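Working notes for the structure below.
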Amino acid sequence: MSYTGTEVLLDVRDDGRGFAEGDGTGFGLTSMRQRIRGVGGHMEVQSAPGEGTSVSARVPAIVPGGTTAENGAGR
């Protein structure tokens, strides 16, 4: 996880079994996408069978007072 001032970035990678696009029966990645979009963020997933999985998420940083850093809070 890293903080760029205006965004919080999260990268998670594993070396598990991976999956093909469209595979999966759970709600995990779908729920993550919905929650991240709900706060104005973006998520990418890369995976392939036998190659592990990578999930990257970006969300706007929230500063004290509940506004995003991008909106100039504190200026």
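Remember, predicted model here, so these are calculated numbers, not experimental data. We count residues from 1, following the sequence as given.
There is a path of hydrophobic side-chain contacts, each under 4.5 Å, that joins M43 to L10. Residues Y3 and M1 are members of one and the same hydrophobic cluster, defined by side-chain heavy-atom contacts under 4.5 angstrom among Ile, Leu, Val, Met, Phe, Trp and Tyr. Transitive grouping of hydrophobic side chains (ILVMFWY, heavy atoms separated by less than 4.5 Å) brings L29 and V12 into a common cluster.
Residue D11 holds its CG atom at 8.5 Å from CZ of R58, rounded to the nearest 0.5 Å. Atom OG in S54 sits 8.5 Å away from atom CD in E44 (nearest 0.5 Å).
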Take M32 and V55, measure what side-chain contact (heavy atoms from CB on, under 4.5 Å) needs, and give me the verdict at the end. CA-CA 10 Å; M32 284 178 65; V55 178; 3.9 Å; yes
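Here the side chain of S47 pairs a donor or acceptor atom with the backbone of F19 at under 3.5 angstrom.
Annotation: side chain to side chain donor-acceptor pair (under 3.5 Å) contacts involving residues 26-38, sequence neighbours excluded, are absent.
In terms of heavy atoms, T53 sits closest to G18 at OG1-CA, 3.7 Å.
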